[in-house]
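Below is one structure; the comments refer to it alone.
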Protein chains: 2
Amino acid sequence: MTEQGPAETNYSPSRYRTPDGAPADIVMFTITSTARKTAMKSLPERRLEVLLIQRKSWPFAGRWALPGGFSKESETLLESAKRELEEETGVGDVHIEYFSAYSTPGRDPRGWIISHAFVALVHEQYLAERRAADDAADVRLFPVDEALRMELAFDHREIIADALEQIRRKMMTTTIAKEFLPEEFTIGELYQVIQAVVPSFAESNFIRKITSTRSRQGIIEEVKDRDGEPKLSNRYSQRAAQLYRFTDYAPALSIYG
Amino acid sequence: MTEQGPAETNYSPSRYRTPDGAPADIVMFTITSTARKTAMKSLPERRLEVLLIQRKSWPFAGRWALPGGFSKESETLLESAKRELEEETGVGDVHIEYFSAYSTPGRDPRGWIISHAFVALVHEQYLAERRAADDAADVRLFPVDEALRMELAFDHREIIADALEQIRRKMMTTTIAKEFLPEEFTIGELYQVIQAVVPSFAESNFIRKITSTRSRQGIIEEVKDRDGEPKLSNRYSQRAAQLYRFTDYAPALSIYG
DNA sequence: TTAATAGTGTCTATAAGACAGTATAGA
DNA sequence: TCTATACTGTCTTATAGACACTATTAA
């Protein structure tokens with residue numbers, strides 16, 4: 001081959017300009033439930049929200065930004081992201097996954113800083129205490145559409161848009177819905193969670209499809225009580241609904257049949 | 001919140017340890033065709049191969065490694081990966097996408113170096129001249145299973161394994177097969193390409209499925225000549241086969257019906 | 001005539017999709 | 001009795017899957 005990069009020649013760190021930092025930024029989604037004021041029990045309104053922090057200092061002081069911070073040499077990026085998130089939300093056992101890197105020159109006025117974006121999915125209940133304490137403070141949940149219309153710090157608007165696209169795809173093709181649901185849930189809840197993330201989702205016969213056909217291959221299964229009787233819930237309706245849970249089965253999708 | 005990271009306080013780069021480099025490493029896959037020696041025209045054997053480079057210097061001198069090199073402050077990681085790959089293969093118009101980051105402490109003896117892995121998919125024909133010139137040199141294609149059994153530099157074995165898993169999933173769920181095929185191809189070729197990447201793929205009625213059902217929603221379409229007559233090919237068989245091309249249609253897969 | 005690929009015919013079982021109807025129980 | 005959710009019945013059409021059969025033509 002022609003000239004090789006530094007990796008193929010004698011290496012001396014001081015000869016090269018090196019990055020000024022490798023932060024992890026976390027797009028933390030949750031789905032909030034708000035009770036509707038109806039005559040009787042009803043399903044709540046569910047809305048996809050994203051956690052933002054108001055910056056205190058340069059650059060972008062005053063602007064809202066994604067939580068995150070610089071990673072350390074002694075940790076992986078994933079460990080770094082988990083640490084930062086725990087510092088922000090006080091919650092450790094969240095679903096968190098690497099997602100993409102952002103490296104456009106000039107994206108951070110502090111220098112050459114490549115940001116590593118993570119997506120975290122959190123049960124609303126884990127944030128409950130935090131919200132009470134910090135409401136109207138410098139850490140808040142915003143509805144996703146609202147966040148996407150805001151002037152955020154850095155390229156965080158683009159990061160959120162990419163993260164949203166990714167979880168929309170994953171919501172339809174994997175079982176990440178479980179990250180937003182209790183262990184046992186009703187079909188109505190599952191349907192709502194899918195719709196909160198993918199508004200265009202509409203399946204007239206949803207219960208029929210999920211409880212026959214593919215479900216025979218076991219994405220979800222009915223919950224039974226100790227006597228082997230179907231376990232029901234009437235949280236949301238007069239008529240009790242069957243409770244389900246996700247199994248470990250992950251269907252392999254294919255466009256080729 | 002509790003204590004904020006550097007991003008939320010006054011920033012002074014010199015106060016923090018910074019990374020020693022952000023290289024892009026490229027897992028470049030291609031599918032090679034080898035004619036079988038049969039009595040007549042027949043489909044070639046197709047094999048998934050990955051491009052490796054033999055390192056000349058410390059660290060891991062003599063070991064085979066992924067092509068790549070340190071990114072520069074003035075370019076995005078994608079631009080960096082494209083540049084490195086072009087230097088290696090002489091080809092510019094390849095399909096290349098970001099894939100993951102590798103950050104385990106100690107993964108690179110030269111220091112704190114977070115590697116950005118890309119997957120590139122290349123038509124075999126683009127490599128044809130290169131191979132003739134460089135055969136038995138320090139840049140070679142290896143069958144993927146062989147590469148995964150080798151002692152490679154850094155954590156490149158793990159990177160290749162992850163990349164393989166990713167393109168296997170994408171081969172089944174997207175139309176990346178087109179990156180390994182000519183503009184116009186036969187069903188037999190498509191089937192072979194899928195199998196080269198996903199050996200477990202087996203569809204007895206493949207032609208039937210792809211030309212009815214989902215194909216009515218248009219993943220591929222028949223190629224016609226100027227007179228509107230079906231365009232055929234007899235590259236691989238006595239009986240001429242219909243040529244197809246991919247459309248722009250990307251099916252939306254779902255586990256929920 | 002055969003080899004090697006490229007299809008088609010036909011049948012059956014399963015799934016998708018629509019849509020009207022029934023079930024439940026607290027307010 | 002009404003309301004809001006949770007289903008079930010029934011019909012039609014589409015798709016999946018198996019597998020035997022026909023088609024093509026240079027060597």
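Proteins come first, then strands; the chains are lettered A, B, ... in the order of their sequence lines, and each starts at number 1. Below, all heavy atoms of this structure are taken into account, side chains as well, without hydrogens, waters or symmetry copies.
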Any sub-3.5 Å donor-acceptor pair from [X]'s side-chain atoms to [Y]'s backbone N or O?
| X | Y | result |
| --- | --- | --- |
| B:Glu165 | B:Asp162 | no |
| B:Tyr191 | B:Glu203 | yes |
| B:Thr30 | B:Val122 | yes |

Query raised in the report: Who pairs with A:Phe246 by ring-ring contact (aromatic ring centres under 6.0 Å, His included), at least two apart in sequence or on another chain?
Result: A:Phe185

Query - Contacts of B:Phe118 that satisfy ring-ring contact (aromatic ring centres under 6.0 Å, His included) - sequence neighbours left out - result: B:Tyr98

Taking [atom1] from [X] and [atom2] from [N], how many angstroms apart are they, rounded to a whole number?
| X | N | atom1 | atom2 | answer |
| --- | --- | --- | --- | --- |
| A:Leu243 | D:dA6 | CG | P | 11 Å |
| B:Tyr236 | C:dG7 | OH | P | 14 Å |
| B:Tyr191 | C:dT5 | OH | C1' | 14 Å |
| B:Glu203 | D:dC19 | CD | P | 14 Å |
| B:Ile210 | D:dG17 | CD1 | P | 14 Å |
| B:Leu43 | C:dG7 | CG | P | 11 Å |
| A:Lys209 | C:dT14 | NZ | P | 19 Å |

Query - Nearest listed nucleotide, side chain of B:Ser42, among C:dG7, C:dT5, D:dC7 - result: C:dT5

Report task. Return the residues of residues 178-188 of chain B meeting this criterion: a heavy atom under 4.0 Å from some atom of DNA chain D. Order them by number, or give none. Result -> none

Requested in this report: Could you list the residues that satisfy salt bridge (Lys or Arg N to Asp or Glu O under 4.0 Å) with B:Glu158, not counting sequence neighbours?
Outcome: none

Report summary line: Expected string for nucleotides 19-27 of chain C under the B/S/- scheme (protein heavy atoms, under 4.0 Å, primed atoms plus P, OP1, OP2 as sugar-phosphate) is B---BBBB-

Query - Enclosure of A:Glu45 CD (heavy-atom neighbours >12, cutoff 6.0 Å) - result: no

Query raised in the report: Got more than 12 heavy atoms from elsewhere within 6.0 Å of CG, B:Asp225?
Result: yes

Report summary line: Assert: residue with more 5' nearest nucleotide on DNA chain C, out of B:Ile207 and A:Ser204, is B:Ile207

Requested in this report: Could you pull out all residues at least two apart from B:Glu97 that satisfy side chain to side chain donor-acceptor pair (under 3.5 Å)?
Outcome: B:His95, B:Gln166, B:Lys170

Query raised in the report: Within the pair A:Arg36 and D:dT5, is there a side-chain N or O less than 4.0 Å away from OP1 or OP2?
Result: yes

